[in-house]
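Let me begin by presenting the structure, written as structure tokens, before commenting on it.
Whatever order the structure lists them in is the order used to number ligands and atoms, beginning at 1. All values below come from the heavy atoms of this structure, side chains included, with hydrogens, waters and symmetry mates left out.
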Amino acid sequence: MESIRLYDRALARLSRRELLNVAWALGITAIAQPITARFAWAKPVFSSYPFTLGVASGDPLPGGVVLWTRLAPDPLNGGGMPMAAVEVGWEVAADSGFGTIVQTGTALARPELGHSVHVELNGLEAGREYWYRFRAGDEISQTGRTRTAPAMGAAVEEIRFGVCGCNHYETGYFTAFRRIAEENFDFVFHTGDYIYEGRDDGGRNDRLREHQGQEIYTIVDYRNRYAQYKSDADFKAAHASSPFIVSWDDHEVENNYAGDIDENDTPPAVFALRRAAAYQAWYESMPVRVSQMPVGAHLNMYRRMIFGDLLDFNVLDTRQYRSNQACGDGSRTDCAEALDPARTMLGNEQERWLFDNLATARSRWTILGQQVPIFTRDFSASAPNGQFSMDKWDGYVAARNRLSNRLIETGAPNPVAFSGDVHLAYGADLKMDYADPDSRTIGVEFTNTSVTSNGDGTDVAGNWEQIKGDNPHIKYHSARRGYIAVTATQATLQADFKILDKVTVPGLPTTLGGSLTAEAGAPGAQAT
Ligand code: FE
Ligand code: CA
């Protein structure tokens, strides 16, 4: 009794902010915020630590980011949560020691969404760092660092961001994510293939770790697969280090799917059930806004974020609305279907949305953050496999021409595209006509290699010496694993290709494989 009274007196001397801190440490959410739902389970006892998947933030706006976590005491077996809504407290601080709490609140982790939470912050200061953490019951999560976007139109000197993708769990250690965590980027753009859906599909010889279970089809399968990836300590460190702007490619659902068509001739209405499960698990696992919540087998992934007067970032979706790959997919030569103007990569609605954005782009750099390479990769020297890959924009030539023409006609400032998917790094010029090296250069494209997919890799792809003469627009190439570190200023945008000697050996440092720089006002990439 006495100790309680002493405790009360001590509390009475504290400011409200300090009080919130004490309340947090003691797990007293009632002081911080009234309990918001009548049926929430506010004081759960977990079978084991519930924050096994770490924390993440994403989609920075000037006033806030999205905070994410998912409660999963038994992450690889459906999560291990009781089938009830559970209250999760969150707090945002101005310092890593949580000395100055700037916002606090609660969210409900609901069973329908795999006990994930998505907290959309508002009212933060633009262009600065914050730290955040969650609490559920008596358990406190890891701390994440995040950063808001600069104010709309504000003069911004420099933004540094990472670009990465294709992290196959079976084929290597996620060392690149550890190195990304050390970069303290303003944000990280993920080009997709965040999970791989198969079983033992990383190549038997270089399989280093094993996917749990078989190929995934149901919502629980997809949840478990995301959980297996997100349990990786290096991956958790990357998410805790910076806000992510995530996109997706094919393997978040199924290899090379196109719209509602999979690669196994499954009836589209049946494949839609699988796609709905995959999209829901993606939403549950990603730091994205509620506006990205799926509706049936659809999820509005494409979105735009503006970073002061420096970056106009369009995140594109090149999977959900595309026409089926021409000529049966694979690599083809003389595929007339690939030229058909009726074919689409973005779908009509997204294409119109992007084309409108390009007309209103006012930042120094107009960014197309997407998945499959836009620039041509002409493999004619190594045919008969086929000259062009039908899964990339090379299989959607008319759609690419529409995009090129729109970039020119709108004068969108300094276009820079990013892509992934091919497990090879490239830096290339975007050209009006890839068959004519003298044709107009529109901008640049940087393709990140994989974090792990295809294993250790080699300095260059086996056919590189043959194909580079046919692709003079390609200025850099590597077949090692890693990521891109991008530094954007008003004058230049520099891509540093950071590569790893091996991903089958943990903990290696990165080296600089090469750097390309784009100069504002002078389209094209130069070696630095
Ligand atoms: Fe991939
Ligand atoms: Ca892919």
Side-chain angles (χ1 to χ4, degrees), residues 162-177 180 188-203 206-209 211 215-216 222 225-226 228-229 232 235 244 246-259 261-264 274-275 278-279 282 286 301 315-322 324-325 329-331 345-346 368-375 377 388-396 417-426 445-457 461 478-484 499-500 503:
V163 184
C164 61
C166 288
N167 34 278
H168 198 308
Y169 185 82
E170 293 186 318
T171 57
Y173 295 107
F174 289 171
T175 315
F177 283 133
I180 284 170
V188 176
F189 175 58
H190 195 288
T191 56
D193 288 357
Y194 189 105
I195 57 165
Y196 284 77
E197 81 285 9
R199 163 74 186 174
D200 197 20
D201 58 356
D206 60 0
R207 193 178 66 168
L208 189 82
R209 310 191 280 189
H211 279 160
E215 181 152 349
I216 52 180
Y222 280 100
R225 186 60 56 89
Y226 276 106
Q228 187 171 21
Y229 279 58
D232 181 276
F235 209 171
F244 269 54
V246 292
S247 69
W248 62 28
D249 195 22
D250 50 335
H251 289 286
E252 283 84 351
V253 182
E254 191 253 10
N255 180 49
N256 280 17
Y257 82 95
I261 298 167
D262 77 355
E263 62 174 357
N264 305 314
R274 183 183 190 184
R275 201 178 87 169
Y279 283 5
W282 181 88
M286 296 295 145
M301 192 274 270
V315 181
L316 306 183
D317 177 351
T318 58
R319 286 290 165 191
Q320 188 174 185
Y321 315 105
R322 64 155 75 188
N324 197 13
Q325 287 90 350
D329 205 355
S331 290
M345 179 60 101
L346 301 174
L368 307 179
Q370 48 101 57
Q371 295 81 41
V372 287
I374 297 172
F375 66 90
R377 294 182 308 149
F388 302 108
S389 171
M390 293 294 101
D391 183 58
K392 323 308 170 199
W393 287 81
D394 275 337
Y396 301 78
F418 291 98
S419 51
D421 178 56
V422 292
H423 309 163
L424 297 165
Y426 294 103
E445 177 165 354
F446 302 112
T447 305
N448 62 251
T449 182
S450 65
V451 166
T452 52
S453 298
N454 290 30
D456 287 337
S478 166
R480 293 281 176 205
R481 311 285 77 95
Y483 61 94
I484 310 174
I499 59 171
L500 290 156
V503 291

Gap separating the [atom1] atom of [X] from the [atom2] atom of [Y], nearest 0.5 angstrom:
{"X": "Asp193", "Y": "Glu252", "atom1": "CG", "atom2": "CD", "result": "5.5 Å"}
{"X": "Asp421", "Y": "Thr318", "atom1": "CG", "atom2": "OG1", "result": "7.5 Å"}
{"X": "Tyr321", "Y": "Met345", "atom1": "OH", "atom2": "CE", "result": "14.5 Å"}

Does the Glu254 side chain pair with the main chain of Asp262, one donor and one acceptor, at a distance under 3.5 Å?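 It does not hold such a pair.
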- request: Around the Fe ion (ligand 1), list the protein N/O/S atoms within a radius below 2.8 Å, excluding water molecules.
  value: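 The answer is Cys166 SG, Asp193 OD2, Tyr196 OH, His423 NE2.
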Does the ring centre of Tyr194 sit less than 6.0 Å away from the ring centre of Trp282?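 No, too far apart.
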Check your understanding: Within less than 3.0 Å of the Ca ion (ligand 2), how many protein N/O/S atoms are there?
Key ->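 There are 4 of them.
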task = Taking only Lys NZ, Arg NE, NH1 and NH2, and the carboxylate oxygens of Asp or Glu, determine whether Asp249 and Arg319 approach each other closer than 4.0 Å.
result =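 Salt bridge: yes.
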inquiry  = Any carboxylate oxygen within less than 4.0 angstrom of a Lys/Arg side-chain nitrogen, looking at Arg377 and Asp394?
reply    =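 Answer for the salt bridge query: no.
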- Would you kindly check if the NZ (Lys) or CZ (Arg) of Arg481 is within the cone defined by 45 degrees around the ring axis of Tyr173 and under 6.0 Å from the six-membered ring centre?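 No, cation not above the ring by the 6.0 Å, 45° rule.
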Practice problem: Give the ring-plane orientation class for His190 versus Phe235, where under 30° counts as parallel, over 60° as perpendicular and anything between as tilted. | Solution: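 Because their plane-to-plane angle is under 30°, the rings of His190 and Phe235 count as parallel.
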